[in-house]
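A short write-up of the structure that comes next.
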Number of protein chains: 2
Amino acid sequence: MPIKVRKNRSEAPPPPCALTECMAIIEGAWAPNVIWQLRGGPRRFSELRMDIPPISAKVLSQRLRELEQRGVISRHVLATTPPTVEYRLTPLGSELLPALNAIVEVGHKLKLAGFHAVQRS
Amino acid sequence: MPIKVRKNRSEAPPPPCALTECMAIIEGAWAPNVIWQLRGGPRRFSELRMDIPPISAKVLSQRLRELEQRGVISRHVLATTPPTVEYRLTPLGSELLPALNAIVEVGHKLKLAGFHAVQRS
DNA sequence: CAGAATCCGTTACGATACTG
DNA sequence: CAGTATCGTAACGGATTCTG
C-alpha cells in the first residue's frame, strides 16, 4: 500500500527543547563568569572586576544590571564611605549553578584532551 | 599591629575557571541547538533546518562548518541523487551533551517557575 | 538537496574620559 | 568606590539570490 512510511532515520527530538530559557541568561562572554564568581558568596563591583580579568567597567555594569533585572542576582548598597555595593545570587540565580558546573566540567575534559578554543570563522 | 589582614569576605574562586573552553563552543544562538538535535543520531542539512525552526541556511551552514572545524561534529556526503549530507556528533561532541543536558534541565525549572526570557537591555 | 555570495541591521564588547 | 557617557569595532544573525 502506498502509505508513506517513516524512514529509518532518527526522529527530531520532539518538541521545542528548553535550551533557550537558560541560554538567554548564560549567553555572552561575561554573564556566565559573573554568575560563577558569585557562587562562593557576595562580591563587590571592584572585586568582580579583578576576578574576571579584562572586563571593562562598562560591560560589567551592563551585565550586572541585566542579571539583576532578570532576577538572577541582587544588589545591596552598604552605607559606608566610600559606598560599597555587594552583589549576590538570588535563589533563582543559584538554580543556574548546576548548569555552569557541568559546563566547567566539560571545559576541564576538553583541556585535558588538548582542545584549544579556535577563532570563530 | 598594622598588618593588613585579609578581610572576612569570600575569596575569589581560585584560578582561571574553565568556563571559556566550553562556552566558546556553546555560544551563539544556534550552536547549542545544532548539537542538541544531533544527540539522537545523524541528521541531514534540511532536517536540521526544520528541527531548528527559524534558522537561515546561511547561519546553519556557518555553524556546521565551524563545529566541524572544531571537531565537534563530522560531515558525511552520501553518493545519492540529489546529494545527501549527514552530520553527526564526534566523540568529542558527545562530551558536550552532559552540559547541554544540565542547561535544558535548568530551562525546565525556569519555565515552571514562570520565568520568561527578557530582552537584553 | 546543500550550500555559497551578498547586503545589511543589531549588539556585545573595548577604550577612554568623567561623576557622585 | 561604583559607576555613567560616548565613540568605535567586529561578529552574529536575517533576508534574498544564485549554483553544482
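Note on naming: letters A, B, ... go to the chains in the order of the sequence lines (proteins, then strands), and numbering restarts at 1 for each one. Scope of the values below: all heavy atoms of this structure, side chains included, with no hydrogens, waters or symmetry mates. All figures in this text were calculated on a predicted structure; none of them were measured in a lab.
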Taking the nucleotide of DNA chain C with the nearest heavy atom to each, does A/P82 or A/K58 sit closer to the 5' end? A/K58
Result for 5'-nearest mapping on DNA chain C, choosing between A/Q62 and B/A57, is B/A57
So A/E68 and A/R70, salt bridge (Lys or Arg N to Asp or Glu O under 4.0 Å) or not? Walk me through it. CA-CA 5 Å; A/E68 188 191 2; A/R70 297 182 176 186; over 6 Å; no
Sequence neighbours left out, what passes side-chain hydrogen bond (donor to acceptor under 3.5 Å, both in side chains) with A/T90? Give chain and number order. none
A/M50 CE to D/dG3 C1', in whole Å, measures 17 Å
Measure CG/B/L60 against C1'/C/dA5 and give the value in whole Å, please. 16 Å
Taking salt bridge (charged side-chain N to carboxylate O under 4.0 Å, His left out) as the cut-off, I'd like each qualifying pair that reaches into residues 74-83 of chain A, sequence neighbours left out, listed once. none
C/dC1 phosphate, OP1 or OP2: any side-chain N/O from B/R44 under 4.0 angstrom? no
Among D/dT4, D/dG14, C/dG3, find the nucleotide with the atom closest to the side chain of B/W30. D/dG14
Tell me the interatomic distance from A/L64, atom CG, to C/dA12, atom P, rounded to whole angstroms. 15 Å
Among residues at least two apart in sequence or on other chains, which ones pass side-chain hydrogen bond (donor to acceptor under 3.5 Å, both in side chains) with B/T84? B/T80
To 10°, what angle do the rotation axes through the five end pairs on each side of the helix from C/dC1-D/dG20 to C/dG20-D/dC1 form? 50°
Round to the nearest Å and state the distance from B/I55 atom CD1 to D/dT16 atom P. 16 Å
Contact class for A/R75 (heavy atom, under 4.0 Å): base, sugar-phosphate, or nothing? sugar-phosphate
Mind checking side-chain hydrogen bond (donor to acceptor under 3.5 Å, both in side chains) for B/R65 and listing every partner two or more places apart, or none if nothing turns up? none
With respect to the side chain of B/A29, which nucleotide from C/dA2, D/dG13, C/dC13 is positioned closest? D/dG13
Between B/R49 (CZ) and C/dA4 (P), how many Å, whole number? 13 Å
Whole angstroms only, please: what is the CZ-P distance between B/R63 and C/dG3? 15 Å
Out of D/dA2, D/dG13, C/dA2, which nucleotide sits closest to the side chain of A/S46? D/dA2
State which residues pass side-chain contact (heavy atoms from CB on, under 4.5 Å) with A/R49; sequence neighbours excluded, sorted by chain then number. A/F45, A/A57, A/L60
